[in-house]
Amino acid sequence: MVAVDSVVKPLRSIGGFYALAMDTLVALFTRPLAWREFFLQTWFVARVAILPTLLLAIPFTVLVVFTLNVLLHEFGAADFSGTGAANASVTEIGPIVTVLVVAGTGATAMCADLGARTIRDELDALRVMGVDPVHRLVVPRVLAATLVAVSLVSLVTFVGLAGSFSFAVFVQHVTPGAFAAGLTLFTGLPDILLGLVKGALFGLSAALIACYKGMSVRKGPQGVGNAVNETVVYSFIALFVINIIATAVYYTSAK
């Protein structure tokens, strides 16, 4: 019996998450959108995520650029440090740093909020009154997390490139002109779009996971805490899976 439950429970969770994702997709095109909730959630996620994201972007980018420049110095190609910094910041560092903070701050807050509503039977009360919780609560949160993630990707990329330039020029003595000239050598509009698409997918998946875990809470306040922890773990797992798939699809199609 225990073995059966250990198999059925994960499958039931996957099915529940899939059902919520499909309901959310349908509710996206259902009018009217809860604009007030959308703006409140957008402002909240942006407010709690922007400063930690920027503070994390600088050391994260500098570390990557430092490691890359050490290798380039060994090959006598330090002038190409801008090429590696641009490609890494646009396609990898920007989206990853953004979603790490969005999942760790905004998504956990969404999960805790919906979890508290669930254990207080507020979602059941909405259903009794004929209000769809997915349309009223989930859709605004998913759209808000997606929008903030895409917006922060651009900001993180800019800050990361500025930090990389400062570190490479003033610490590792790379020529400023060579660094700037290498920025667009291998990085163009398709790479920028790839970074934005990754940010949107990361924000979307983190919000969906947070909403599902919050709406499926059981066992009272302890269940809310467990759901918040699981939201962080599952969001990070989804981040790396989506990142691998998106990168593989992009570079395969580019060829």
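Every heavy atom of this structure was used, including side-chain atoms; hydrogens, water molecules and symmetry mates were not.
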*Which value, rounded to the nearest 0.5 Å, describes the distance between Thr24 atom OG1 and Leu20 atom CG?*
4.0 Å

*Do Ile209 and Leu123 belong to the same hydrophobic cluster, where Ile, Leu, Val, Met, Phe, Trp and Tyr are linked whenever their side-chain heavy atoms lie under 4.5 Å apart, directly or via other members?*
yes

*asked:* Are there over 12 heavy-atom neighbours, none belonging to Gln222, within less than 6.0 Å of that residue's CD?
replied: no

*Sub-3.5 Å donor-acceptor pair from the side chain of Thr53 to the main-chain atoms of Val102, do we have one?*
no

*asked:* With salt bridge (charged side-chain N to carboxylate O under 4.0 Å, His left out) as the rule and sequence neighbours excluded, what pairs involving residues 51-66 come up?
replied: none

Sequence neighbours excluded and cut-off under 3.5 Å, please list the side-chain donor-acceptor pairs for residues 129-140, or say none.
unit_1: Asp132; atom_1: OD1; unit_2: Val134; atom_2: N; d: 3.2
unit_1: His135; atom_1: NE2; unit_2: Thr30; atom_2: O; d: 2.9
unit_1: His135; atom_1: NE2; unit_2: Pro32; atom_2: O; d: 3.0

*Return yes if some donor-acceptor pair links the side-chain N/O of Thr108 with the main-chain N/O of Thr105 below 3.5 Å, else return no.*
yes

*Using a side-chain heavy atom cutoff under 4.5 Å and only I, L, V, M, F, W and Y, what cluster partners does Leu51 have?*
Leu55

*Work out which heavy atom in Val101 is nearest to a heavy atom in Ala49; give both atom names and the distance.*
CG1-O, 3.5 Å

*Do other residues, nucleotides or ligands put more than 12 heavy atoms under 6.0 Å from Ile50 CD1?*
no

*Is there a path from Tyr212 to Leu126 through hydrophobic residues (I, L, V, M, F, W, Y) whose side chains come within less than 4.5 Å of each other?*
yes

*asked:* Please check: side-chain N/O of Ser235 versus main-chain N/O of Val232, any donor-acceptor pairing under 3.5 Å?
replied: no

*Would you mind reporting whether Arg117 and Met215 have side-chain heavy atoms less than 4.5 Å apart?*
no

*Nearest 0.5 Å, what's the CG-CH2 distance between Leu143 and Trp35?*
8.0 Å

*Closest non-hydrogen atom pair, Asp191 against Tyr250*: OD1-OH, 3.1 Å

*asked:* As an exercise, state the distance from OH of Tyr18 to CG of Asp23, rounded to the nearest 0.5 Å.
replied: 10.5 Å

*With the side chain counted from C-beta on, respond yes when Val45 and Met110 share a heavy-atom pair under 4.5 Å apart, and no when they do not.*
yes

*With sequence neighbours excluded, tell me which residues meet side chain to side chain donor-acceptor pair (under 3.5 Å) with Arg36.*
none

*Each residue besides Leu40 in its hydrophobic cluster should be listed here, by chain and number; the cluster joins Ile, Leu, Val, Met, Phe, Trp and Tyr at side-chain heavy-atom distances under 4.5 Å.*
none

*Atom pair SG (Cys111) and CZ (Arg141), whose distance is rounded to the nearest 0.5 Å*: 11.0 Å

Which pairs would a plain distance check flag for residues 144-154, meaning a side-chain donor or acceptor within less than 3.5 Å of a matching protein atom at least two apart in sequence or in another chain?
unit_1: Thr146; atom_1: OG1; unit_2: Val142; atom_2: O; d: 2.8
unit_1: Ser151; atom_1: OG; unit_2: Leu147; atom_2: O; d: 2.9

_Closest contact, heavy atoms only, Ala227 versus Val217_ = CB-CG2, 3.7 Å

*Taking a hydrophobic cluster as the set of Ile, Leu, Val, Met, Phe, Trp and Tyr residues connected by side-chain heavy atoms closer than 4.5 Å, whether directly or through intermediates, do Phe44 and Phe38 fall within one such cluster?*
no

_Closest contact, heavy atoms only, Gly199 versus Pro95_ = N-CB, 4.2 Å

*asked:* Let me check something: do Phe240 and Phe202 share a hydrophobic cluster, defined by ILVMFWY side-chain heavy atoms less than 4.5 Å apart, either directly or through other members?
replied: yes

_Could you see if Leu204 belongs to whatever hydrophobic cluster contains Val233? Use Ile, Leu, Val, Met, Phe, Trp, Tyr and a side-chain cutoff under 4.5 Å._
yes

*asked:* As a quick check of understanding, evaluate side-chain contact (heavy atoms from CB on, under 4.5 Å) for Ile242 and Lys198, giving each step before the final call.
replied: CA-CA 8 Å; Ile242 294 173; Lys198 282 185 178 181; 5.9 Å; no

*Find the distance between CG (Asn229) and OH (Tyr234) and round it off to the nearest 0.5 Å.*
11.0 Å

*Hey, could you give me the OG1/CG distance between Thr118 and Asp124, rounded to the nearest 0.5 Å?*
8.0 Å

